[in-house]
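Counting starts at 1 for both ligands and their atoms, in listed order. Numbering starts at 1 and runs along the sequence shown.
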Amino acid sequence: MTDKVFNKTISKQFEFDEEVASVFDDMLDRSVPFYKEMQRLSIVFANNFLENGSRVYDLGCSTATTLIELSKNCNKDLKLIGIDNSKAMLERANNKSKAFGVDIKFICNDIFDVDLKDAKVIFSNYTLQFIRPLQREKLVKKIYDGLTEGGVFIFSEKLVSQNSILNKQLIDEYYSFKKAQGYSEFEISQKREALENVLIPYTEDENNKMIKDAGFSHCEMIFKWVNFATFIAIK
Ligand SMILES: Nc1ncnc2c1ncn2[C@@H]1O[C@H](C[S@+](CC[C@H]([NH3+])C(=O)[O-])CC(=O)[O-])[C@@H](O)[C@H]1O
Ligand SMILES: O=C(O)C(=O)Cc1ccccc1
């Protein structure tokens, strides 16, 4: 279904509710530059670390696209766990995984309240940005603790630049991308307002510091387009 959520006047903050969930795959495809390529790379790099029996979590799995794609592109026997606190998202995730014949355990809860253990790979694409600073640092420590030695955390984030001139130019280029994807100026500005104080991006340096402070031995950026980036961190 086509995303028309911000085509009408909206006064509330952005939420992953029933309306957003019903158009979410289209929203992500048209709002996250190179979403499919970022996802393909996440899966390629995850595969380098996975073995038969490995446990994989996706934190903020939304409609389970990543775990379903991983399962289609991996011939190992994996334990897949998808976590999201939006019931509406997990309903779609359940239907999609059944339709694709992929066995995924879904947990509808806040990431903070779920036990993460013995994971070879933890994904969290475009989800940390919705977790309040300080809490975010605590969550990354929890992710580190949930990984096995040599396990990896693969995550994607919208970034902010320390340079205010360049930051404005990055945002302008992103809005040009959204326009080219068919979103109107009105939809773009409505969504920007709704995301204010909800999506809080870090700089590249802040992300690297957060990862290092949690104890990870190495962090590498594997993809970047303007202000959108994907990282892999090794425990
Ligand atoms: N505290 C939380 N606990 C659990 N879930 C949460 C929390 N906060 C937000 N979420 C969930 O995180 C997801 C973020 S979307 C991820 C896309 C996906 N990774 C993808 O690659 O397709 C990214 C985006 O919309 O920009 C939503 O489904 C929220 O319900
Ligand atoms: O659409 C935007 O303006 C974004 O910043 C990316 C995004 C994509 C999907 C949900 C929330 C934010």
Quiz prompt | Tyr35-ligand 1 polar pair, N/O distance under 3.5 Å | solution = yes
Ranking Leu139, Asn85, Asn109 by closest non-hydrogen atom to atom 7 (C) of ligand 1, top hit is Asn85
Indicate if Phe14 and Tyr183 have the same hydrophobic cluster label, given that clusters are the connected sets of ILVMFWY residues with side-chain heavy-atom separations under 4.5 angstrom. yes
Review point. Are Tyr144 and Phe216 close enough that their ring centers fall under 6.0 Å?
Key: yes
Ranked by distance from atom 26 (O) of ligand 1, the top protein heavy atom is Phe130 CE1, 3.4 Å
Check your understanding: Would you say Phe24 has any N or O atom under 3.5 Å from an N or O of ligand 1, going by distance alone?
Key -> no
Test of proximity, Ser62 against ligand 1: N or O pairs below 3.5 Å:
yes
re atom 23 (C) of ligand 1, the protein heavy-atom contact at minimum distance is Tyr126 O, 2.8 Å
Q | Candidate pair Arg92 and Asp84, rule salt bridge (charged side-chain N to carboxylate O under 4.0 Å, His left out), full reasoning | A | CA-CA 12 Å; Arg92 265 96 192 160; Asp84 205 291; over 6 Å; no
Salt bridge (Lys or Arg N to Asp or Glu O under 4.0 Å) pairs touching residues 133-154, sequence neighbours excluded, are Arg136-Glu157
Hits for ring pair (Phe, Tyr, Trp, His ring centres under 6.0 Å) against Tyr202, two or more places apart or cross-chain, chain-then-number order -> none
Would you say that Val121 contacts Leu50 through its side chain, given a criterion of any heavy-atom pair below 4.5 Å between the two side chains? yes
Quiz prompt | Geometric N/O contact Phe16 with ligand 1, under 3.5 angstrom | solution = no
Contact set, ligand 2, heavy-atom distance under 4.0 Å, ordered by chain/number, equals Phe14, Leu28, Ser31, Phe130, Lys158, Tyr174, Lys178, Lys191, Leu195, Leu199
Check your understanding: Would Arg192 and Glu196 count as a salt bridge (charged side-chain N to carboxylate O under 4.0 Å, His left out) if you check the C-alpha gap in whole Å, the side-chain angles of each, and the deciding distance to 0.1 Å?
Key -> CA-CA 6 Å; Arg192 185 185 60 215; Glu196 196 96 20; 5.4 Å; no
The side chain to side chain donor-acceptor pair (under 3.5 Å) partners of Lys96 (sequence neighbours excluded) come to Asp25, Thr63, Thr65
